[in-house]
Participant: 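Structure incoming, see below.
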Number of protein chains: 4
Amino acid sequence: MKRNKPKYMQIVDAAVIAIAENGYHQAQVSKIAKQAGVADGTIYLYFKNKEDILISVFQEKMGIFVENLQAIIKSGETSSEKLGKMIENHFHVLSSDRHLATVTQLELRQSNKEIRLKINAILKEYLILLDQILIEGMLNGEFNQTMDVRVARQMVFGTIDEITTSWVMNEYRYDLMEQAPKIQQLLINALKA
Amino acid sequence: MKRNKPKYMQIVDAAVIAIAENGYHQAQVSKIAKQAGVADGTIYLYFKNKEDILISVFQEKMGIFVENLQAIIKSGETSSEKLGKMIENHFHVLSSDRHLATVTQLELRQSNKEIRLKINAILKEYLILLDQILIEGMLNGEFNQTMDVRVARQMVFGTIDEITTSWVMNEYRYDLMEQAPKIQQLLINALKA
Amino acid sequence: MKRNKPKYMQIVDAAVIAIAENGYHQAQVSKIAKQAGVADGTIYLYFKNKEDILISVFQEKMGIFVENLQAIIKSGETSSEKLGKMIENHFHVLSSDRHLATVTQLELRQSNKEIRLKINAILKEYLILLDQILIEGMLNGEFNQTMDVRVARQMVFGTIDEITTSWVMNEYRYDLMEQAPKIQQLLINALKA
Amino acid sequence: MKRNKPKYMQIVDAAVIAIAENGYHQAQVSKIAKQAGVADGTIYLYFKNKEDILISVFQEKMGIFVENLQAIIKSGETSSEKLGKMIENHFHVLSSDRHLATVTQLELRQSNKEIRLKINAILKEYLILLDQILIEGMLNGEFNQTMDVRVARQMVFGTIDEITTSWVMNEYRYDLMEQAPKIQQLLINALKA
DNA sequence: TATGAATGAGACTTCATTCAT
DNA sequence: TATGAATGAAGTCTCATTCAT
C-alpha cells in the first residue's frame, strides 16, 4: 500500500506547498518533486500521474474534515451545537493551514472538469455528514421539519465556502475564526423550527 | 470604442458558446474565432488577448444581472420582497441561458487567479447592490440590526451560487426556478429581525 | 490538400535527411523541423504527429517505385525483361539516393509495429505489381506454370531487399547497379518454365 | 563464466517471452526480470546492459541453427540436398517456437543500428556455412560455376528470411513447413549448373 | 549474490500571438 | 479592417541503470 509509505504523504504535503506558492498551473511536477526532496521520477512510483497527485491532495486533506466531523456528530449535543462545531472545525482547519486553504479554495478549482468531478465525489462524504446533522435536527424538532434538506445543505455549505474563499481572496486580512459565531447565528436562525 | 462595433459582441457570444461546448481549457482562440465566423487574427483587433475575451464575457453578461437588480431595488417593495426578487432574477437569467450558466458557474472558475480577481472586481458591483438591500432592511427593521452585513451578504451570495452550481453540475436535471421559494424562506428566516 | 503545398514535400525530404543522418531514434521532430527550415509547430500544420511524417515519407518515396514499375509493366516486353527492369529500377532509385536507401532499408524498420503495418500496406501496392509480372509470365509460358506465386514473389522481393540492405549495411562499398544482371540471371533461372 | 550459471539462460528465455508478448519497445528490463523471476538489479549481475541481453538472446538462439547446419553439412549428401535440409531446418526451428520466430523476425529488427550490426556479426557464422554449401555445389558441378557466391547467398537467405517474416506477420496462418519444397525447387532451379 | 527503491535525462505536441498580405 | 500561416516556448512521463542493504 503506497499510501502508508512515508514518501506518499511527503509528496502530498509538498504538492500543497508548491501549488499554494506557485499557483495551480505553475506547480509543475518538477517543482513538487523538488519541494518534496525527491527526483521527478519518484513521484510516479507513488502516483499514477499528475492528476492523481491533485486528487490525493484533496482526498488526504479532506479526510481531516471528515474525521473531525464524525467525532462532532458522535459528541451527543444538540443539532445546533453540532452545526456550530462543524463551522468552527471547518474554519479552524483552514485557518491553521493557509497553504491548504489557498489550494482548496482557489487553486484546485482551476483543475479541469474530470478532476473536479473526482474532487466532488470526495466532498460528497462530507456533505452526507452535514445532511445527517440537518436531518437529526429536523427529527428532534430543533430545525424546521418542512424544509428541503438539499437546499438547506447547499445553503450551509455555500455559506461556509463563500466565506472561506473570500477570506483567502482577501489574503487572510481578517480572522476567519471570529466569523464563526456570526455565521452560526445566521444559519441556525435560518434553519430553526 | 470597440464595444459598439458589431463584431465585439459577436465574439463575446461566440466565446460563451465555445467555452460551454468545449470546456474552458478546450476553448482555444481559434475555436472562438471559428464560432464567431471571423479569422483568428481578427480577435486581436477587438481584444488585447485571450484573458481580455474572458473578462469581457463576464463583464457583458454580468451587466444583465446588475441592470435587473437595479430595477428591482427601485421597485419600492419591502426588503424581503426585493431579496426574493433578486434570487428569482438570478435563477431566471441562468435558467434561460444554460450556456451562460455553464460558463459562469463551472468553466470560468478554471481560469487563473489573476482573471478571477478581475472577475471578482466586476462582481463587486452586483454585491454592492445586494448590500444595499440588506442595509435597507436593517434600517427599516425588517432584518436583524445587529448582524454583520458582509457575513450576511456572503451567506446570501454563497447560497445562491452553490445552488446554481449544483444545478449545473447535476446537468440541469431539476427546475432551478422551483428552488427559489425555499431559498427565499430560509434566507429571510436567517436575516429577519 | 496539404500534400500539394510546398512545405509538405519540404518536410518529407527533410525527414529523410534527418533520419539518415541521425538515425531513427535520434531524428527528433525539432531536428526534422530545423532541417526543413521551419518551426517545430509548422510540422503539425502538415502532419498529424511524428508517426504521420514517417508514414508519409514511405508513402511519397514508395510512389516513385510504383510509378516506375507501372511504366515498366506497360512497356510491352517479355516478362523476363520486365522483371529485369524492375530490379534495375529498384536498385537505381536507391543507388541515386543513399539517404533514402538508409532510411527505407535500416532506419524505418526500427519503427514500432503499428507504423510497420502501415508501411506494409503501402508496400502491398508494389508487390501486387510484381505479382502481375509473375502471373503474366506464367500465362505466356515464360515462367513455370506450376509455381506458387506468393512464394515466387517472396523470393524475388526477399532477394532484392536482402541485397539492398546488405549494400547499405556495408556502407555502399560496392556498386549496387552492377549486382543487377547477376540477380536477374539467378531469379529468371529460378522462375523459368 | 556467467553463461553457465542457471540464471543466465533463465533471463535469456524470459527475454524471448517478454519481447514476443509485449513487443520490442514494451519489453522493459523490469518486465524481463519479472518474467525471469528475478529482481531488476539481478539482470545486471549477468548482463552489462539491456543491449547485452538482446544480443545474447540472438547469440544463444542462433546457436541452434548453426549446430544443426553443421550436422547437415557433414551428412554427406548432395549440395542440393544439403540446401534443402538447411531450409527445412530453418523453418522447423522457427515453426516449433513461435515466440522465437516473432522475436527474431519482427521485434529484434526494431533495435537500433548498433545492435543490428552486432546481430549481423553473429549471423555471419550461419551465412559462412551457407557459403560452404554453395561453393561445394559449384565445385562438384551441381551449381552454376560462374555465379557470384555472395549474390547467391543473399538470394537464398533473403528468400528464406522474407518467407519466414511474412509467415509471422500473417500470424502463422499457414503451415511454414509446407512451403519448404516449393522454395527448395525454386532456389535449386536458380542455382543449378 | 540478490534486491528494488530511487534516479533524472530527454522529446512530442499544443496554442496564444504575430505579421505579411 | 481582415486574414490565417507560421511561430516557438514549455511540461509530463518513461525507463535503463545504480547502490545501499
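Predicted, not measured: the structure shown is a model, and the values here were computed from it. Each chain gets a letter, A, B and so on, in the order the sequences are listed, and its residues count up from 1.
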Participant: For A/V38 and B/Q28, find the nucleotide of DNA chain E closest to each by heavy atoms; which residue's nucleotide sits nearer the 5' end?
Facilitator: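 Here A/V38 is the residue nearer the 5' end.
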Participant: Does F/dC15 have its OP1 or OP2 closer than 4.0 Å to a side-chain nitrogen or oxygen of D/Q26?
Facilitator: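 Result: yes.
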Participant: Would you kindly give the CG-to-P distance between A/L45 and F/dC15, to the nearest whole Å?
Facilitator: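 From A/L45 CG to F/dC15 P: 13 Å.
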Participant: Could you tell me the separation between the OH atom of C/Y24 and the C1' atom of E/dA11, rounded to a whole number of Å?
Facilitator: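 Going from OH in C/Y24 over to C1' in E/dA11 covers 13 Å.
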Participant: Do A/R109 side-chain atoms and A/T104 backbone N/O form a donor-acceptor pair below 3.5 Å?
Facilitator: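 Checked: pair present.
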Participant: Between which residue ranges does DNA chain E form stems of three or more consecutive Watson-Crick or G-U wobble pairs, both distances under 3.5 Å?
Facilitator: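 The stems that DNA chain E takes part in, listed by first number, are E:2-21 with F:2-21.
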Participant: Find the distance D/N22:CG to F/dT14:P and express it as a whole number of Å.
Facilitator: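 For the pair D/N22 CG and F/dT14 P, the rounded distance is 15 Å.
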Participant: Checking side chain to side chain contact (heavy atoms under 4.5 Å, CB included) for the pair C/L117/D/M169: CA distance, chi angles, key distance, verdict?
Facilitator: CA-CA 9 Å; C/L117 282 172; D/M169 293 205 88; 4.2 Å; yes
Participant: Look at all strands and tell whether D/K7 reaches a base, only sugar-phosphate, or nothing, counting heavy atoms closer than 4.0 Å.
Facilitator: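 Touches sugar-phosphate only.
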Participant: Detail all sub-3.5 Å separations between protein N/O atoms and N/O atoms belonging to nucleotides 17-21 of chain F.
Facilitator:
residue : atom : partner : partner atom : Å
F/dT17  : OP2  : D/Y44   : OH           : 2.9
F/dT17  : OP2  : D/K50   : N            : 2.9

Participant: Donor-acceptor pairs under 3.5 angstrom involving side-chain atoms of residues 29-40 of chain C: please list them, not counting sequence neighbours.
Facilitator:
residue : atom : partner : partner atom : Å
C/K31   : NZ   : C/Q26   : O            : 2.9
C/K31   : NZ   : C/Q28   : OE1          : 3.1

Participant: What residue pairs, at least two apart or across chains, pass ring pair (Phe, Tyr, Trp, His ring centres under 6.0 Å) with a residue in residues 102-123 of chain D?
Facilitator: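 Output for this query is empty, none listed.
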Participant: Please report the distance, rounded to the nearest Å, between CD1 in C/I43 and C1' in E/dT14.
Facilitator: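 Going from C/I43 (CD1) to E/dT14 (C1'), I get 14 Å.
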Participant: Tell me: NE2 of C/H25 to P of E/dC12, nearest whole Å?
Facilitator: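 Rounded to whole Å, this separation is 11 Å.
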Participant: In whole Å, what is the span from the CZ atom of A/F47 to the P atom of F/dC13?
Facilitator: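 Those two atoms, CZ and P, are 13 Å apart.
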Participant: A/K34 NZ to E/dT7 C1': how many Å, rounded?
Facilitator: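 The answer, rounded to whole Å, is 16 Å.
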Participant: Evaluate whether atom CD of D/E125 has more than 12 neighbouring non-hydrogen atoms of other residues, nucleotides or ligands under 6.0 angstrom away.
Facilitator: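 Count not over threshold, so no.
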Participant: Dump the intermediate steps for side chain to side chain contact (heavy atoms under 4.5 Å, CB included) on C/D13 and C/K61, then the final yes or no.
Facilitator: CA-CA 9 Å; C/D13 289 333; C/K61 298 307 180 183; 2.9 Å; yes
Participant: Could you give the CG-to-P distance, from B/D52 to E/dA16, as a whole number of Å?
Facilitator: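 In whole Å, E/dA16 P lies 14 Å from B/D52 CG.
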Participant: Both A/A27 and B/G37 contact DNA chain F. Taking the nearest nucleotide for each, which residue is further toward the 5' end?
Facilitator: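 Checking each residue's closest nucleotide, the 5'-ward one belongs to B/G37.
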Participant: Look at atom CD of A/Q105 and say whether more than 12 heavy atoms of other residues, nucleotides or ligands are closer to it than 6.0 Å.
Facilitator: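 Yes, because the 6.0 Å sphere around CD of A/Q105 holds more than 12 heavy atoms from other groups.
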Participant: Which side-chain N or O atoms in residues 50-58 of chain C pair as donor and acceptor under 3.5 Å with protein atoms at least two apart or in another chain?
Facilitator:
residue : atom : partner : partner atom : Å
C/K50   : NZ   : C/A27   : O            : 3.1
C/E51   : OE2  : C/K118  : NZ           : 3.2
C/D52   : OD2  : C/K48   : N            : 2.9
C/S56   : OG   : C/D52   : O            : 2.6

Participant: How would you list, by chain and number, every residue that makes a salt bridge (charged side-chain N to carboxylate O under 4.0 Å, His left out) with B/R116, sequence neighbours excluded?
Facilitator: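 So B/R116 forms no salt bridge (charged side-chain N to carboxylate O under 4.0 Å, His left out) with any residue.
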